[in-house]
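For reference, the structure discussed in these notes is given below.
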Amino acid sequence: MKRLLSSISYIFISIALFFSGVMLEVSPSDLVRQVVQDQIDIDDQDQADDSKDASDDKDDAVVQDEADNQINTRYYYSLMDDSKKENYDRIQEAVAGEEKSVVLDVMDQEELKRIFLSVYYDYPEYFWLEYYYSYKSTDEGMELIFNYNCTGSEREKREAEIEQQAGAILAGLPAGAGDYDKVKYVFETLVDMTKYELDAPDNQNIYSVFGNWTTVCAGYAKATKYLLDRAGVECFYVTGLADGEPHAWNIVQCDGQYYYVDTTWGDPLYQETQGEEMQKKGTAYEYLCCSRELLFRTHTPDEEFTLPECTDNSLEYYRMAGRYLESADQNAILEIMKKDIDNDEKQTEIQFSGGDALDQAVAQIDSTLQQVREYTKSKKGKSLGELWYTYRDNTSILIVYWE
């Protein structure tokens, strides 16, 4: 009976996400959390009842579904020539087998770093591999010595936990979802379920997300890749600077075009905002499938690797939602706000083409809000309560709230 209820929960998630609107949606995270907990309860009960056969059949079906959809985006491997790929393969096989070290061809330190990082970035599922390593010369070549945060039974335990949590999340994907919808779902779910904490344990790997739900940018970005790989969307891990600090994010491919995704900056607790009210809003969507023009206002990728240009802006969230304005046209601003008031929303979000347009919108905000009050009074026969606003300079977004 519990297994039936869990399956019904999965179906309700898919239906809810399929029919949700573009703006101000109800997050799927609470439903996903319940499905995860239901699945854990089911597994515990299965063990207690010794009904392992039924559980194994279900697990086999989930594995098969993932295998049918999964693509393994090994972007950094694709950048290499054959000789470097051979050393990459040796590293990958050694890490998969928890070997303490591997012997490679002789190379300089920079080349070794590039090949090691390529494996490290391409395989977020190798959560036991640490970022740092050592090496020494041998008669056979260059020996690369790994550092692991766990091995053996502890690794297997964590791996099973990751697969279970990830499987519950992916079960909520709407049937027939396209690339963009898959990216949006993963972005929203990780932002809603994960808490940004600088001192989170294991915060450089995906176990910090699927095991503890607390992490930093590396965990967000690697978890994003891990899930999208299994959802069949090309995604890779990117490092660089954001606001002058080391940072990690992703590039995804949707319908043949490349876009940046920064799941970390989708978390409003991480974002720099003006006032506590922004933190109540939820997901910050401007870093979902954005172009380099928008991202590069604050982000600079490392020059270690060549990356796609990401010039297309057609999937940027506010453009798709009809909430992107080239100028601070007051009539256009009012029309968007009137629609939100008519729909009984409690806030309006508008993105402008740049800082000048945002500044002009803010300069005329008192006049705009007065006209909003007059419209509400004439349309609904009642006055709005308090109105206030905030904005995000980096992405030229104005947010107006009312009661």
Side-chain angles (χ1 to χ4, degrees), residues 69-82 84-85 88 92 110-111 113-125 177-188 190-191 206 217-243 245-266 284-320 324 351 353-354 394-395:
N69 293 322
Q70 180 171 330
I71 62 169
N72 296 323
T73 305
R74 309 306 179 203
Y75 175 77
Y76 296 103
Y77 181 80
S78 72
L79 300 179
M80 297 179 178
D81 60 30
D82 289 342
K84 292 183 177 64
K85 286 180 178 178
Y88 175 111
Q92 182 268 317
E110 286 303 310
E111 184 175 346
K113 176 185 174 184
R114 283 176 58 86
I115 297 174
F116 176 84
L117 287 179
S118 295
V119 176
Y120 186 74
Y121 292 169
D122 279 345
Y123 286 87
E125 57 265 49
D179 290 344
Y180 175 80
D181 291 330
K182 291 177 180 179
V183 175
K184 183 171 180 283
Y185 172 77
V186 167
F187 178 86
E188 289 177 322
L190 287 177
V191 166
I206 61 172
C217 59
Y220 279 104
K222 289 179 181 178
T224 299
K225 174 171 169 54
Y226 180 83
L227 289 172
L228 289 177
D229 278 352
R230 282 147 186 78
V233 177
E234 182 179 352
C235 176
F236 42 97
Y237 181 84
V238 179
T239 61
L241 299 177
D243 281 345
E245 298 293 331
H247 191 53
W249 59 96
N250 300 95
I251 290 177
V252 300
Q253 186 185 85
C254 293
D255 301 323
Q257 295 284 347
Y258 287 102
Y259 305 90
Y260 285 108
V261 173
D262 191 338
T263 313
T264 309
W265 279 37
Y285 284 96
E286 56 265 44
Y287 295 102
L288 168 64
C289 290
C290 64
S291 65
R292 60 175 288 155
E293 188 281 323
L294 190 152
L295 190 86
F296 284 14
R297 299 177 190 181
T298 50
H299 294 48
T300 304
D302 289 332
E303 296 181 354
E304 191 82 32
F305 301 99
T306 301
L307 300 173
E309 288 297 313
C310 301
T311 56
D312 186 72
N313 60 21
S314 63
L315 294 187
E316 290 182 350
Y317 183 78
Y318 292 92
R319 292 177 187 269
M320 293 181 69
Y324 180 90
Q351 185 176 40
S353 59
N394 289 337
T395 49

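The model shown is predicted, which means the values in this text are computed figures rather than measured ones.
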Between K184 and E188 (salt bridge meaning N to carboxylate O under 4.0 Å), is one present in this structure?
yes
For the student: nearest non-hydrogen atoms of Y88 and D122, plus distance
OH-OD2, 2.7 Å
Within the 3.5 Å criterion, strictly below it, is a donor on D262 or H247 matched to an acceptor on the partner's side chain?
yes
Distance under 6.0 Å and angle within 45° of ring axis: R230 vs Y226:
yes
Atom of D255, atom of D179 and distance for their closest heavy-atom approach:
N-OD2, 3.2 Å
Sorted by chain and residue number, the ring pair (Phe, Tyr, Trp, His ring centres under 6.0 Å) partners of F236 (sequence neighbours excluded) come out as Y75
I'd like to check the side-chain hydrogen bond (donor to acceptor under 3.5 Å, both in side chains) partners of E303; sequence neighbours left out, ordered by chain and number.
none
In chain order, what residues pass the salt bridge (Lys or Arg N to Asp or Glu O under 4.0 Å) check against R292, with sequence neighbours excluded?
E309
In this structure, OG1 of T263 is separated from CG of L288 (nearest 0.5 Å) by 8.5 Å
Using every non-hydrogen atom in the two residues, find where T306 and L79 come nearest and quote the distance to one decimal.
O-CD1, 3.8 Å
May I ask you to test the F187-V261 pair for a side-chain heavy-atom distance under 4.5 Å?
yes
Can you check whether C310 reaches L295 side chain to side chain, under 4.5 Å on heavy atoms?
no
Any residue meeting side chain to side chain contact (heavy atoms under 4.5 Å, CB included) with S353, in chain and number order, not counting sequence neighbours
Y324, E326, A357
Who passes ring pair (Phe, Tyr, Trp, His ring centres under 6.0 Å) against Y121, sequence neighbours left out?
Y76, Y237
Taking only residues two or more places apart in sequence, or in another chain, which ones meet E316 in a side-chain hydrogen bond (donor to acceptor under 3.5 Å, both in side chains)?
S291, R319
Is there a donor-acceptor pair closer than 3.5 Å between any side-chain N or O of N250 and the backbone N or O of T224?
no
Find the distance between CG (D302) and OG1 (T239) and round it off to the nearest 0.5 Å.
3.5 Å
Considering only NZ, NE, NH1 and NH2 on the basic side and carboxylate oxygens on the acidic side, decide whether E125 and R74 come within less than 4.0 Å.
yes
side-chain hydrogen bond (donor to acceptor under 3.5 Å, both in side chains) partners of D81, counting only residues at least two apart:
S83, K84
For the side chain of K222 and the backbone of P124, is there at least one donor-acceptor N/O pair under 3.5 Å apart?
no
Can you find a heavy atom in the side chain of L294 that is under 4.5 Å from one in the side chain of N313?
no
Take T395 and Q351 through the side-chain contact (heavy atoms from CB on, under 4.5 Å) test and state the conclusion after the steps.
CA-CA 7 Å; T395 49; Q351 185 176 40; 4.0 Å; yes
Could you check Y318, W265, Y317 and say which one makes a ring pair (Phe, Tyr, Trp, His ring centres under 6.0 Å) with Y285?
Y317
All side chain to side chain contact (heavy atoms under 4.5 Å, CB included) counterparts of D312, not counting sequence neighbours:
Q257, Y259, S314
How many angstroms lie between atom CZ of F305 and atom CG of L307, to the nearest 0.5 angstrom?
9.0 Å
Student check: side-chain heavy atoms of M80 and I115 closer than 4.5 Å:
yes
Under 3.5 Å side-chain donor-acceptor pair for N394 and T298:
no
For C289 versus C254, what's the shortest heavy-atom pair and its separation?
SG-SG, 4.2 Å
Residue list, side-chain hydrogen bond (donor to acceptor under 3.5 Å, both in side chains) with Y123, at least two apart or on another chain
none
Side chains of H299 and L241 in contact at under 4.5 Å (non-hydrogen atoms)
no
Could you go through the side-chain contact (heavy atoms from CB on, under 4.5 Å) check for V252 and E234 one step at a time?
CA-CA 6 Å; V252 300; E234 182 179 352; over 6 Å; no
For C290 and E286, which heavy atoms make the closest approach, and how far apart are they?
CB-O, 3.4 Å
Give, for atom CG of D229 and atom SG of C235, the distance between the pair rounded to the nearest 0.5 Å.
6.5 Å
Search all heavy atoms of E110 against all heavy atoms of E304 and return the closest pair with its distance.
OE1-OE2, 4.2 Å
Any side-chain heavy atom of W249 sitting closer than 4.5 Å to one from P301?
yes
